[in-house]
Amino acid sequence: MKPNLHLTRRKFLQISGLSSISLLLGGCGTPIFEDVVGTLSEPLNQNFQALLLKPQTLVPEFSPHEIEPEKLIVNTYRFTPAIDQEKYRLIVDGEVENPLSLSMEDIQNLPLTSMIIRHVCVEGWAAIVQWGGISLRELVALAQPKNSVKYAYFQSADGYYSSWDIASTLHPQTLLAYQKNGASLPVENGAPLRLASPIKLGYKQSKWVTKVSLVSHLSRYQGYWEDQGYEWFAGL
């Protein structure tokens, strides 16, 4: 079966929150991890920053001669995981009609999107990088999310985790990248797949992504750094 890769305009508006104010409303958390109990508030900074995000507005990109390969610093959460790319599967689950389990061959057979953007780290450094991979909006379309979806959780092979609002997830320049500067993505930069986007700070751009869960509520665990006090929305 070949699923439809494209969202209808109405469907896209529904799940991105553009057709209603649902994106701006708080709610109670429901667990996606086993040790979550009770109801929890959504991030306080979400409402204000979501107002500033223009989900379909492209961020200006750079030219190839402006790429800064030496400036992209490798930050590691705990360790660099060993991933067998032949056995690797990307899982897309949650509140979806069509859960996915994709090999790297499956992913690389989907349309390639390439962009040259500035990667900005909360530590104060930045680098202009070319990323290539699959648009997350295409991946979301394949999974056929329910209308209730407002967030995406990303889990990584090293135990790292983060969560995004659905409008940022569906931004045209948000990728799961498997290329860097025109070559295969190195393991230290997140191979086989990492998040890349010009609209979020670096700590939101998870490396070694293994699972994307599309959900209507956040759990108490919103992100590795976010749970330690870092800003949740982390928009640029």
Side-chain angles (χ1 to χ4, degrees), residues 23 26-53 59 71-81 83 90-91 94 117-129 131 133 136 150-171 173-177 180 185-215 217-236:
L23 179 64
C28 294
T30 57
I32 66 166
F33 298 100
E34 291 180 353
D35 56 345
V36 178
V37 294
T39 58
L40 302 148
S41 297
E42 294 177 357
L44 295 176
N45 66 336
Q46 178 187 355
N47 292 1
F48 174 72
Q49 293 210 33
L51 287 170
L52 303 180
L53 177 68
V59 176
K71 290 189 178 181
L72 185 64
I73 298 173
V74 175
N75 287 334
T76 302
Y77 155 63
R78 289 189 304 183
F79 58 89
T80 300
I83 299 175
L90 174 69
I91 303 300
I117 58 168
R118 179 177 280 115
H119 178 93
V120 180
C121 181
V122 71
E123 296 174 347
W125 59 268
I128 296 173
V129 187
W131 303 109
L136 255 180
K150 294 202 298 178
Y151 304 99
Y153 266 93
F154 301 95
Q155 297 184 47
S156 299
D158 64 341
Y160 196 82
Y161 61 99
S162 189
S163 57
W164 288 38
D165 61 290
I166 195 64
S168 297
T169 302
L170 297 175
H171 188 278
Q173 292 165 295
T174 297
L175 308 183
L176 276 175
K180 186 193 83 168
L185 182 68
V187 172
E188 60 268 23
N189 291 128
L193 285 176
R194 63 159 297 145
L195 281 166
S197 180
I199 62 171
K200 295 287 186 185
L201 287 169
Y203 65 86
K204 301 294 286 189
Q205 300 183 40
S206 304
K207 296 184 284 189
W208 309 297
V209 174
T210 57
K211 180 184 282 190
V212 181
S213 297
L214 301 170
V215 298
H217 296 85
L218 292 175
S219 82
R220 77 188 311 175
Y221 299 107
Q222 297 168 4
Y224 175 77
W225 290 112
E226 297 90 325
D227 292 343
Q228 299 182 57
Y230 279 53
E231 182 180 305
W232 177 80
F233 198 86
L236 292 171

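Between the side chains of Gln205 and Ser197, no donor-acceptor pair of N or O atoms lies under 3.5 Å.
A heavy-atom distance below 4.5 Å is not found between the side chains of Ile117 and Val59. Contact annotation: the side chain of Asp158 never approaches that of Thr80 to less than 4.5 Å [non-hydrogen atoms, C-beta and beyond]. Looking only at side-chain heavy atoms (C-beta outward), Thr169 and Val212 stay at 4.5 Å or farther from each other. Looking at heavy atoms from C-beta onward, Thr210 lies out of side-chain contact with Ile91 at the 4.5 angstrom threshold. Contact annotation: the side chain of Glu231 approaches that of Tyr203 to within less than 4.5 Å [non-hydrogen atoms, C-beta and beyond].
Minimum heavy-atom separation, Leu185 to Pro192: CD2-O, 4.2 Å. Contact record, Val122 with Tyr230: CG1-CE2, 3.8 Å, taken as the closest heavy-atom pair. Of all the heavy atoms in Phe233 and Lys200, the pair that sits closest is O-NZ, 2.7 Å. Nearest heavy atoms, Gly190 versus Lys207: CA-CB, 3.5 Å. Of all heavy-atom pairs spanning Phe79 and Ala157, the tightest one is CZ-O, 4.3 Å. Residues Pro81 and Val187 come closest through the heavy atom pair O-CG1, 4.2 Å.
Using the six-membered ring where Trp is involved, Tyr160 and Tyr224 have ring planes that are tilted, between 30° and 60° apart.
Under a 3.5 Å cut-off, the side chain of Arg194 and the backbone N or O of Asn189 do form a donor-acceptor pair. The backbone N or O of Val74 sits nowhere less than 3.5 Å from a side-chain atom of Glu188 that would complete a donor-acceptor pair. Of the possible donor and acceptor atoms, one in the side chain of Thr174 sits under 3.5 Å from a partner among the backbone N and O of Ser168. Proximity of a side-chain donor or acceptor of Ser206 to a complementary backbone N or O of Leu195 within less than 3.5 Å is not detected.
Exactly one of Phe154, Tyr153, Tyr221 qualifies for a side chain to side chain contact (heavy atoms under 4.5 Å, CB included) with Ser163. That residue is Tyr153.
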Q: Test Leu72 against Lys180 for side-chain contact (heavy atoms from CB on, under 4.5 Å), laying out the working first.
A: CA-CA 11 Å; Leu72 185 64; Lys180 186 193 83 168; 3.7 Å; yes
Q.
Is there a side-chain contact (heavy atoms from CB on, under 4.5 Å) between Trp232 and Leu218? Walk through the geometry before answering.
A. CA-CA 11 Å; Trp232 177 80; Leu218 292 175; 3.9 Å; yes
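Note that CG of Leu136 and CG of Leu214 are 9.0 Å apart. Values are rounded to the nearest 0.5 Å. Once rounded to the nearest 0.5 Å, the distance linking CD1 of Ile166 with CH2 of Trp164 reads 11.0 Å.
A salt bridge links Lys204 with Glu226; the closest basic N to acidic carboxylate O contact falls under 4.0 Å.
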